Amino acid sequence: MFQGKTALVTGSTSGIGLGVAEVLAGRGANLVINGLSGDPTQTEKLRARLAADHGVEVAFHGADMGRTGDIEAMFADVLERFGAIDILVNNAGIQHVAPVDEFPSDKWDAILAINLTSAFHTTRLALPGMKKKGWGRIVNIASAHGLVASPFKSAYVAAKHGLLGLTKSVALEVAEQGITVNAICPGYVLTPLVEKQIPDTAKARGISEEAVRRDVLLAAQPTKQFVGIDEVAELTAFLCSGAAASMTGTALPIDGGWTAH
Ligand code: NAD
């Protein structure tokens, strides 16, 4: 389906990004994976496995998505190697939870830079190649928090709402050029990041891990089930397919009913 195309998925060494990378490579796309990896051996293992499993070219770049210079250096490398990025998935993201009047300024800056501004930079750097080819797909992994808010997540909610604004604006700019721009808004997904919080939360609240999943994490999610990484990955692949050529500027919830409240 994506043979001959190159996909860049930011923050793809773990969680949702890795699931998306896996599905796109499974459909034939060459890949650029990215993430903050402390262990180059592990990263190389992952890169080599993805290439071998799917028979595609895979490059890794460790650009810090909070740094404009790193993003520009990554694009210089990958454009030289692959010519263009046909599919761009802006997925890298971080979280910090604190009341707004106690929110550390450096955390605010980092969340805005990684969760929002990085998508501006990758988009502006990928678009010239997409315009030249008259085809491109940009998928922004936002969040249910792009549509509704929760307390104590001001930076994350502001960044994800901003990402939906960027999605719509860019979609309108490139609508006549074969390029679509959409956002996916997942509810809770059981990624390594979320999994790690469960035992600590159970201990802190004196409740079982099952109660943490049901009554804390999934309190707002009517299905009381986590969204699967594979579900987000399949929706991303659909948005990149020919069948979704007329879908652009959308924000698609995949949240077990959360935003129906
Ligand atoms: P994760 O922590 O499992 O993975 C995050 C990835 O981003 C990793 O590969 C990490 O190395 C990378 N990363 C972090 N900071 C980076 C930086 N500065 N530069 C480059 N890479 C960086 O997280 P996840 O749960 O898979 O989340 C992925 C995206 O999905 C995020 O944008 C998140 O906001 C969004 N999301 C997650 C959930 C959820 O419940 N897990 C729900 C809605 C939206």
Side-chain angles (χ1 to χ4, degrees), residues 8-23 31-40 42-43 46-47 50 60-75 88-97 106-107 109-119 121-122 139-150 153 155-164 166-167 183-198 213 216-221 223 225-233 235-236 251-256 258-259:
L8 164 62
V9 185
T10 68
S12 47
T13 52
S14 132
I16 294 170
L18 178 54
V20 169
E22 198 94 51
V23 166
L31 279 181
V32 181
I33 56 169
N34 156 261
L36 291 184
S37 167
D39 183 349
Q42 282 304 108
T43 311
L46 174 64
R47 191 206 62 75
L50 285 166
F60 168 77
H61 202 291
D64 180 338
M65 298 306 290
R67 291 170 184 264
T68 309
D70 276 24
I71 298 171
E72 288 173 343
M74 174 171 71
F75 266 81
L88 168 65
V89 182
N90 288 307
N91 168 79
I94 58 167
Q95 173 65 287
H96 184 79
V97 179
D106 60 332
K107 294 281 186 209
D109 290 344
I111 289 173
L112 269 287
I114 295 164
N115 297 19
L116 175 58
T117 307
S118 74
H121 291 302
T122 55
V139 179
N140 294 322
I141 306 297
S143 167
H145 282 122
L147 297 164
V148 295
S150 293
K153 296 184 176 177
Y156 188 85
V157 169
K160 295 296 189 181
H161 275 68
L163 190 54
L164 297 194
L166 177 70
T167 302
I184 294 179
C185 301
Y188 272 107
V189 183
L190 198 53
T191 62
L193 193 83
V194 175
E195 261 173 299
K196 270 184 245 152
Q197 301 168 17
I198 295 175
R213 288 166 199 267
V216 181
L217 294 177
L218 297 177
Q221 211 148 287
T223 54
Q225 301 286 330
F226 287 100
V227 177
I229 289 175
D230 57 325
E231 296 174 66
V232 180
L235 181 55
T236 305
L252 297 170
I254 174 167
D255 63 4
W258 177 348
T259 52

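All figures in this text were calculated on a predicted structure; none of them were measured in a lab. These numbers come from the heavy atoms of this one structure, side chains and all, not from hydrogens, waters or symmetry mates. Counting starts at 1 for both ligands and their atoms, in listed order.
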Completion exercise
If you scan protein heavy atoms around atom 1 (P) of ligand 1, the nearest is Ser14 OG, 3.6 Å
Exercise for the section: List the closest protein heavy-atom neighbour of atom 31 (C) of ligand 1: residue, atom name, distance to the nearest 0.1 Å. Expected result: Asn91 O, 3.1 Å
Practice task
Would you give the length of the straight line joining atom CG of Leu166 to atom NE2 of His161, rounded to the nearest 0.5 angstrom?
Solution key: 14.5 Å
Practice task
Mind checking whether Thr10 contacts ligand 1 via backbone (N, CA, C, O), side chain (CB onward), both or neither, at a 4.0 Å heavy-atom cut-off?
Solution key: neither
Completion exercise
So CE of Met74 and CZ of Arg67: to nearest 0.5 Å the spacing works out to 14.0 Å
Practice task
Mark the output for Leu36 as yes if a heavy-atom distance to ligand 1 is under 4.0 Å, and as no if none is.
Solution key: yes
Handout entry: Polar atom proximity, Val194 to ligand 1 (N or O, under 3.5 Å)
Key = no
Practice task
Examine distances only and state if a side-chain atom of Thr43 and a backbone atom of Asp39 form a donor-acceptor pair shorter than 3.5 Å.
Solution key: yes
Problem - Top protein contact for atom 40 (O) of ligand 1, by heavy-atom distance - result: Val189 N, 2.8 Å
Problem - Side chain Asp64, main chain Gly66, donor-acceptor under 3.5 Å - result: yes
Problem - Gap between atom CG of Asn91 and atom OG of Ser118 - 0.5 Å precision - result: 9.5 Å
Practice task
Check the pair Ile33, Val9 against side-chain contact (heavy atoms from CB on, under 4.5 Å), reporting the backbone distance first and the verdict last.
Solution key: CA-CA 6 Å; Ile33 56 169; Val9 185; 5.6 Å; no
Handout entry: Protein heavy atom at shortest distance from atom 37 (C) of ligand 1
Key = Ile16 CD1, 3.6 Å
Practice task
State whether the shortest distance between N or O atoms of Asp64 and N or O atoms of ligand 1 falls below 3.5 angstrom.
Solution key: yes
Handout entry: Heavy-atom pair of closest approach, residues Ala142 and Cys185
Key = CB-SG, 4.2 Å
Practice task
Would you please say whether a donor-acceptor pair under 3.5 Å links the side chains of Thr10 and Asn34?
Solution key: no
Handout entry: Heavy atom of Lys160, distance to ligand 1 below 4.0 Å
Key = yes
Handout entry: Sub-4.0 Å heavy-atom contact, Ala113 with ligand 1
Key = no
Problem - Distance from atom 44 (C) of ligand 1 to nearest protein heavy atom, with residue and atom - result: Ala142 O, 3.2 Å
Completion exercise
In this structure, CG of Leu252 is separated from CG of Leu147 (nearest 0.5 Å) by 9.5 Å
Problem - Sub-3.5 Å N/O-N/O distance, Ser143 and ligand 1 - result: no
Exercise for the section: Indicate the ring-plane relationship of Phe226 and Tyr188, choosing parallel, tilted or perpendicular according to the 30° and 60° boundaries. Expected result: perpendicular
Practice task
For atom 9 (O) of ligand 1, grab the closest protein heavy atom and report residue, atom and distance to one decimal in Å.
Solution key: Thr13 OG1, 2.8 Å
Handout entry: Met65 N/O to ligand 1 N/O under 3.5 Å
Key = yes
Handout entry: Tyr188-ligand 1 polar pair, N/O distance under 3.5 Å
Key = no
Exercise for the section: Select one of side chain, backbone, both or neither to describe which atoms of Ile94 lie under 4.0 Å from any atom of ligand 1, heavy atoms only. Expected result: side chain
Practice task
Would you indicate whether the side-chain heavy atoms of Ile141 and Asn90 approach each other to under 4.5 Å?
Solution key: no
Handout entry: Protein heavy atom at shortest distance from atom 42 (C) of ligand 1
Key = Gly187 O, 3.0 Å
